[in-house]
Amino acid sequence: YLTMKLVWSVFLLVLLNATILLAGRDFYQILGVSKSASTKDIKKAYRKLAMKYHPDKNPNDKDAEQKFQDLSAAYEVLSDKEKRQTYDRHGEEGLKNAGMHDAGDVFSSFFGGGGGFGGFHFGFGGDDPGGEREMPRGADIVVDLEVSLVELYTGDFIEVARYKPVTKPAPGTRQCNCRTEMRTQQLGPGRFQMSPQQICDECPNVKFVTEEKILEVEIEPGMRDGQNYPFVAEGEPHIDGEPGDLTFHIVQMR
């Protein structure tokens with residue numbers, strides 16, 4: 001009887017390990033939510049943990065970077081109804097043919113930054129321009145966002161579709177990084193003249209293409225009418241520089 005019990009225990013352990021291997025990562029555990037968690041709970045958990053483990057906040061920390069990647073994958077799957085159902089039935093293996101977004105793109109839908117790891121700044125340390133000229137910047141945008149009294153009181157996530165021009169490669173080259181410099185010209189013996197002259201570099205050509213992006217605005221319980229909610233680098237683009245910021249101005253519905 002003891003021998004059979006031991007064999008059965010070993011069989012169950014092997015079966016459990018095989019099941020875990022087949023299922024892949026436990027996205028619910030990664031986000032720290034239950035399997036019955038609502039979409040709101042999933043968004044809230046992701047937003048908190050993604051800020052904690054973002055690579056810009058944890059430089060040269062491979063563990064934090066991996067956790068950030070796992071968080072993004074977990075959020076993308078569990079916040080999507082169809083992907084979540086597939087995952088619940090077949091585990092991560094069932095999603096191998098599903099298109100997944102870049103971790104930086106997922107993060108930027110909550111905080112801005114335009115995707116990637118370099119667009120969001122946490123304010124640690126200071127930037128040293130090193131004497132270089134200032135980077136041109138697109139215009140900032142401020143948009144009113146109407147929110148109900150109930151949403152201000154209980155909290156919620158509001159999805160906003162942002163149609164944003166983004167740069168794409170185009171044939172040819174273009175003049176870029178144009179600036180005015182003073183040039184000295186000799187007019188004769190002992191005679192010189194200084195005059196302004198526009199100098200430009202030559203860069204690969206680009207074009208603007210409008211793309212839709214969903215931004216997640218978290219209305220925290222207790223937020224007030226008139227508060228601002230910023231998204232870094234989600235404002236107007238600049239062809240030779242950085243985009244401006246987008247700010248949602250919270251307005252209580254009357």
Side-chain angles (χ1 to χ4, degrees), residues 39-40 42-57 68 71-72 75-76 79-80 100-127 129 134-152 154-169 176-177 206-254:
T39 302
K40 178 180 175 181
I42 290 166
K43 290 180 179 181
K44 200 172 188 69
Y46 169 80
R47 191 177 192 277
K48 178 182 178 181
L49 293 172
M51 174 71 83
K52 179 179 179 180
Y53 291 110
H54 192 281
D56 284 358
K57 202 172 183 180
F68 182 76
L71 286 167
S72 300
Y75 168 76
E76 183 171 352
S79 64
D80 183 287
M100 300 291 282
H101 291 90
D102 178 79
D105 292 335
V106 176
F107 183 86
S108 70
S109 69
F110 283 84
F111 299 97
F117 293 154
F120 191 83
H121 303 286
F122 291 91
F124 297 124
D127 292 328
E134 185 178 350
M135 175 74 72
R137 192 169 179 273
D140 293 334
I141 302 175
V142 179
V143 180
D144 286 345
L145 181 64
E146 289 192 335
V147 180
S148 70
L149 181 61
V150 173
E151 288 170 326
L152 288 173
T154 62
D156 202 354
F157 280 88
I158 299 177
E159 291 187 352
V160 179
R162 163 82 164 114
Y163 294 90
K164 178 182 178 181
V166 296
T167 55
K168 298 291 184 181
C176 62
N177 303 322
V206 295
K207 61 181 179 180
F208 282 114
V209 177
T210 301
E211 293 185 350
E212 180 183 18
K213 180 176 182 178
I214 301 299
L215 301 178
E216 298 282 353
V217 181
E218 183 181 16
I219 306 301
E220 299 186 60
M223 286 186 75
R224 300 184 304 277
D225 178 50
Q227 281 191 241
N228 290 328
Y229 192 104
F231 276 85
V232 177
E234 291 296 338
E236 292 296 331
H238 193 293
I239 196 168
D240 288 327
E242 300 176 344
D245 296 336
L246 169 64
T247 299
F248 288 106
H249 183 69
I250 306 301
V251 177
Q252 181 184 328
M253 293 181 186
R254 304 299 179 185

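Excluded from the calculations below are hydrogen atoms, water molecules and symmetry mates; all remaining heavy atoms, backbone and side chain alike, are included. In what follows, residues are counted from 1 in the order of the sequence shown.
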Checklist entry - Roughly how far apart are Leu215 CG and Ser109 OG, rounded to 0.5 Å? => result 7.0 Å
Checklist outcome for this item: Nearest heavy-atom approach of Lys40 to Phe157 is O-CE1, 3.7 Å
Checklist entry - What pairs with Asp156 under salt bridge (charged side-chain N to carboxylate O under 4.0 Å, His left out), at least two apart in sequence or on another chain? => result none
Checklist entry - Roughly how far, to the nearest 0.5 Å, is the OG atom of Ser79 from the CD atom of Glu159? => result 8.5 Å
Checklist entry - Can you check whether Ala233's main-chain N or O pairs, donor with acceptor, with Asp245's side chain at less than 3.5 Å? => result yes
Checklist entry - Looking only at heavy atoms, which two atoms of Phe208 and Pro165 are closest? And how far apart? => result CD2-CB, 4.1 Å
Item to check | Sidechain N-carboxylate O distance under 4.0 Å for Glu236, Lys164 | outcome: no
Checklist outcome for this item: In terms of heavy-atom contacts, Val106 and Glu76 come closest through CG2-OE1, 4.2 Å
Next on the checklist: Quick check: closest heavy atoms across Ser108 and Lys213, and the distance to 0.1 Å?
Outcome noted: OG-NZ, 2.7 Å
Checklist entry - Taking only residues two or more places apart in sequence, or in another chain, which ones meet Ser148 in a side-chain hydrogen bond (donor to acceptor under 3.5 Å, both in side chains)? => result Glu151
Checklist outcome for this item: One should read off an interatomic distance between Leu152 CG and Ile250 CD1, to the nearest 0.5 angstrom, of 7.5 Å
Checklist entry - With a 4.5 Å limit on heavy-atom distance, are the side chains of Glu216 and Tyr46 in contact? => result no
Item to check | Distance (rounded to the nearest 0.5 Å) between Tyr53 OH and Leu49 CG | outcome: 6.5 Å
Checklist entry - Out of curiosity, Arg137 CZ to Glu242 CD, how far, rounded to the nearest 0.5 Å? => result 7.5 Å
Next on the checklist: Between Val147 and Val251, is the side-chain contact (heavy atoms from CB on, under 4.5 Å) condition met? List the steps.
Outcome noted: CA-CA 6 Å; Val147 180; Val251 177; over 6 Å; no
Checklist outcome for this item: CG of Asp56 to CE of Met51, rounded to nearest 0.5 Å, is 11.0 Å
Next on the checklist: My understanding is that only residues two or more places apart in sequence, or in another chain, count here; which of them pass side chain to side chain contact (heavy atoms under 4.5 Å, CB included) with Thr247?
Outcome noted: Val142, Asn228, Pro230
Item to check | Pairs satisfying ring pair (Phe, Tyr, Trp, His ring centres under 6.0 Å), at least one member in residues 235-254, at least two apart | outcome: Phe231-Phe248
Item to check | Closest non-hydrogen atom pair, Asp240 against Cys176 | outcome: OD1-CB, 3.2 Å
Checklist entry - Of the non-hydrogen atoms in Gly235 and Pro243, which two are nearest, and what is the gap between them? => result O-CB, 4.3 Å
Next on the checklist: Applying side chain to side chain contact (heavy atoms under 4.5 Å, CB included), can you list everything that pairs with Thr39, at least two apart in sequence or on another chain?
Outcome noted: Lys43
Checklist entry - Relative to each other, are the rings of His54 and Phe107 parallel, tilted or perpendicular (30° and 60° limits)? => result tilted
Next on the checklist: Checking the side chain of Arg162 only, and the main-chain atoms of Ile214 only, is there a donor and an acceptor separated by less than 3.5 Å?
Outcome noted: no
Please set out all donor-acceptor pairs under 3.5 angstrom arising from side-chain atoms of residues 218-225, sequence neighbours excluded.
unit_1, atom_1, unit_2, atom_2, d
Glu218, OE1, Arg47, NE, 3.4
Glu218, OE1, Arg47, NH1, 3.4
Glu218, OE2, Lys44, NZ, 2.8
Asp225, OD1, Gln252, N, 2.8
Asp225, OD2, Arg254, NH2, 3.2

